[in-house]
Every structure is written in C-alpha cells, then in structure tokens.
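Here is the structure we will look at.
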Amino acid sequence: VQLQASGGGTVQAGGTLRLSCAASGPSFSRYHMGWFRQAPGKERDFVAGISRSGGTTTYADSVKGRFTISRDNYKKTVYLQMDGLKPEDTAIYYCAADWAISSAPVERTESQYNYWGQGTLVTVSS
C-alpha cells in the first residue's frame, strides 16, 4: 500500500487542522492505521491509531481529548482531526499502515507499522 499525507499547515494556538492520508492499492480495510509525529530534534512518537473497521481507537495521552482519528474504507482514507492545537504539537505528521488480523490490537510502536507516508508539516504558532 502507498500512503499520501496532506492537510498540514500553519495555524495559531487554539486552532484546528484536519490531516488526511490517502491510500492506494488493494486491501486498505485490512490495515490498522496510525498517525505519528516527529518534532524538531526529537524522535518520532505515536499520536493515534485506529483498527481496520474503525471500531477501536487509541491515543497518546498528550493529544487525548483534542485529536480524533477516523477512517473511510470506501475512500481508502484515514483522517486526523486536530482541535485545540498547541505550539508543542508542531511536528511533521506521518501516517502509517499495519497489516493486521481483525482481532489484533492497534499498535503504538513505530516498528510494528509496515508502510509509511511522506509526512506533512504542522506548525502551531503561539
């Protein structure tokens, strides 16, 4: 599967952005999907994940209650709705796909994801 992330930009603190990740190739609905981010000078961290069906989601504590991950399997797209943005959310955001059986947990570890998009930059000004 190939992944293309988009929707990044510059926004003021408290603002909103919605990231999209479009997939190409078959069997999108057989992948758990995740969003990760990498801030300048830091390692890449887990942000949010969603199961194949969309029925299970998980979030990093730092974004819980502000970000929402969702997916549309017909459009082969996963979204990250980001509300209440803070300057510390500034990072390059990556989407990733994990080939998984339906009963597998949604992974929060980078190494579990098989495919990665190119990243989209989010900048939050104070």
Side-chain angles (χ1 to χ4, degrees):
V1 65
Q2 291 184 319
L3 304 173
Q4 179 76 35
S6 62
T10 300
V11 63
Q12 289 189 333
T16 295
L17 280 175
R18 187 174 85 152
L19 305 183
S20 299
C21 175
S24 60
S27 305
F28 174 73
S29 61
R30 295 193 176 187
Y31 293 88
H32 292 342
M33 298 297 295
W35 285 97
F36 291 75
R37 67 186 181 186
Q38 187 167 21
K42 295 187 177 181
E43 295 184 348
R44 189 154 58 182
D45 292 328
F46 173 80
V47 175
I50 189 166
S51 62
R52 296 176 4 162
S53 68
T56 300
T57 57
T58 184
Y59 297 91
D61 288 344
S62 59
V63 307
K64 200 173 293 183
R66 299 188 297 123
F67 290 10
T68 304
I69 188 171
S70 62
R71 68 188 293 162
D72 185 331
N73 284 346
Y74 291 104
K75 294 183 178 179
K76 296 185 179 180
T77 302
V78 62
Y79 305 97
L80 185 67
Q81 177 69 37
M82 304 187 294
D83 300 321
L85 282 161
K86 304 175 180 180
E88 52 264 44
D89 294 319
T90 295
I92 299 173
Y93 284 71
Y94 299 89
C95 59
D98 172 25
W99 178 273
I101 60 174
S102 59
S103 59
V106 178
E107 296 288 351
R108 302 164 68 96
T109 305
E110 181 179 347
S111 61
Q112 298 297 320
Y113 286 79
N114 315 102
Y115 303 95
W116 292 82
Q118 86 291 0
T120 185
L121 177 62
V122 172
T123 303
V124 184
S125 59
S126 57

Please check if the number of heavy atoms outside E88 that lie under 6.0 Å from its CD is greater than 12.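 Buried by this count: over 12 neighbours within 6.0 Å.
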Using a 6.0 Å cut-off, check whether atom CZ of R30 has over 12 heavy atoms from anything other than its own residue.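 No, not enclosed.
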Heavy-atom donor-acceptor pair, K75 side chain to A22 backbone, under 3.5 Å: no
Could you check whether any side-chain N or O of Q118 sits under 3.5 Å from a backbone N or O of Q4, counting only pairs where one atom can act as donor and the other as acceptor? no
When rounded to the nearest 0.5 angstrom, what distance separates [atom1] in [X] from [atom2] in [Y]?
X: E43; Y: Q38; atom1: CD; atom2: CD; result: 8.5 Å
X: L121; Y: T90; atom1: CG; atom2: OG1; result: 8.0 Å
X: R66; Y: T16; atom1: CZ; atom2: OG1; result: 10.5 Å
X: R18; Y: S6; atom1: CZ; atom2: OG; result: 9.5 Å

Using the test side chain to side chain donor-acceptor pair (under 3.5 Å), find all partners of D45 that sit at least two apart in sequence or belong to another chain. none
If I compare all heavy atoms of [X] with all of [Y], which pair ends up nearest, and what's the gap?
X: V1; Y: A97; result: CG1-CB, 4.0 Å
X: H32; Y: R71; result: CA-NH1, 4.2 Å
X: G8; Y: L19; result: N-CD2, 3.6 Å
X: A13; Y: S126; result: CB-CA, 4.3 Å
X: S20; Y: T77; result: CB-CG2, 4.3 Å
X: Q81; Y: D83; result: NE2-OD1, 2.9 Å

Does any non-hydrogen side-chain atom of [Y] lie less than 4.5 Å from one of [X]?
X: R52; Y: S29; value: no
X: M33; Y: F28; value: yes
X: R37; Y: S62; value: yes
X: V78; Y: I69; value: yes
X: T123; Y: V11; value: no

Considering only NZ, NE, NH1 and NH2 on the basic side and carboxylate oxygens on the acidic side, decide whether K86 and D89 come within less than 4.0 Å. no
Side-chain heavy atoms under 4.5 angstrom apart, residues restricted to Ile, Leu, Val, Met, Phe, Trp, Tyr: same cluster for [X] and [Y]?
X: V63; Y: V106; answer: no
X: I92; Y: F67; answer: no
X: V122; Y: Y79; answer: no
X: I50; Y: Y94; answer: no

Quick one: which of F36, W35, Y113, Y93 gives a ring pair (Phe, Tyr, Trp, His ring centres under 6.0 Å) with F46? F36
